[in-house]
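Any value given below was found using the heavy atoms of this structure, including those in side chains, with hydrogens, waters and symmetry copies removed. Numbers restart at 1 for each chain; the letters A, B, ... are given by sequence-line order, proteins then strands.
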Amino acid sequence: VSGHGCERFERRLDELLGGTLATEERDVLERHAATCPNCRELLELARSTEPEAADLTAAVLTRTSGPTCSTARDRIGDYVDGVLSPLDAELLRLHLDGCRACENLLASMASLSVDLPLLAERPLDERFVDEVLARTSRRRRLDARSRLVAAWHGLLTRPRFALEAAYALTALVVLIVGIPNAPVAGVSRRAFEITTRDVRPGIERSVHEAGSAVSVGAWKAWETTGERLGDEAETSVNGVGRFSAALATDIRQGVGTLWTRLASGETSDNEKRSPAADDRNEGE
Amino acid sequence: LASDEPSPEEHAGRQARRELLYRALAGMSANSREIILLREIQGLKLEEIASMLELPLGTVKSRSSRARVELASRVREMAPSYGATS
């Protein structure tokens, strides 16, 4: 409890000193300072050294930081997100100015926040759906596509389902879109089964469990094939291009089967056509 | 046909970054990957993740923070120029 109070106190110290806090919040902080020797000392120090801003910062820094890089690392994520308090942000900037390692870390984290969302390609991207269905069944394309979209739409807008589904869907989408050379057929079937089982009314299955099963499956799959990526994976643009093209057919076959089955709303093989046969029909 | 299709270079660049991120993620613990998946990839709020995983918000926050730092460090090790300003 006192740890939380101290954190809040430190976060609000600037505003407390500046007199910009609401009375209620100020009272809370002052009550905390009255019972917490460390925070009282910090407050007194801050008040007594107000004119000398640089000293104050140094004093605060020595009081609020453990090993400095470790403290910086704890806060750097919030800093990237822009939710760090002004005081902490200032302290962090001071540290970054003098620490190359943390500065590099900050740059990487900023890039991550741009790149990571790329891993979640939108599952209902129209072109993607078209491509997949075109590969698997050109004749039934429009019909199947509208059913597919309707199925997903219904699934996603079902009350209480959206949040839970997000987890399973992310795993599913990451799995089928992003993982090169994954044994898509096997794992996708599992993902598909879990996802469709969850939509059935009356079954309150733990989505956490389901999601974990999917993501564990996905990562296991990736790990076993990841070795084979070897140097090719981290290569040049050309290498990656060739690599992707070579795998596209395999991935599409697996994905096509999954989506087609989903579109037809059943898991039976009634209307399923062999992806290999589609490829032959299509060859142009 | 589609006007907003990325150029081949763009596509390959994205693909290369994906590969890098997957490789980095693959080396992380399941807990860390889970948080990254939900928070950074799916964009869920920390509160949503906490209720979904039935964990205290504070735990989710600190896990998320640690996982991001770990991922950034791993990526940087694998590709030292990652995130460098061009």
- Query: For B:I36, is it the side chain, the backbone, both or neither that has a heavy atom under 4.5 Å from a heavy atom of chain A?
  - Reply: side chain
- Note on the structure: What one should report as the nearest heavy-atom pair of B:G83 and A:A107 is O-CB, 3.4 Å
- If you look at every heavy atom in A:D115 and B:Y82, which pair is closest and at what distance? OD2-OH, 2.7 Å
- Message: Looking at every heavy atom in both B:S65 and A:R73, which two are closest together, and how far apart are they?
- Response: OG-O, 4.0 Å
- With a 4.5 Å limit on heavy-atom distance, are the side chains of A:M109 and B:V69 in contact? yes
- Note on the structure: Given A:S111, A:A101, A:S113, the one with more heavy-atom pairs under 4.5 angstrom with chain B than any other is A:S111
- Query: Which bit of A:V114 comes within less than 4.5 Å of chain B, counting heavy atoms only: side chain, backbone, both or neither?
  - Reply: neither
- Query: Has B:E54 got more than 12 heavy atoms of other residues, nucleotides or ligands less than 6.0 Å from its CD?
  - Reply: no
- Part of B:R74 within contact of chain A (heavy atom distance under 4.5 Å): neither
- What residue, out of A:N104, A:I76, A:D74, A:D81, has the most heavy-atom pairs lying under 4.5 Å from chain B? A:N104
- Item | Ion pair check, B:R68 and A:D78, cut-off under 4.0 Å | no
- Could you walk me through whether A:L112 and B:L21 pass the side chain to side chain contact (heavy atoms under 4.5 Å, CB included) test, one step at a time? CA-CA 9 Å; A:L112 278 184; B:L21 295 181; 3.4 Å; yes
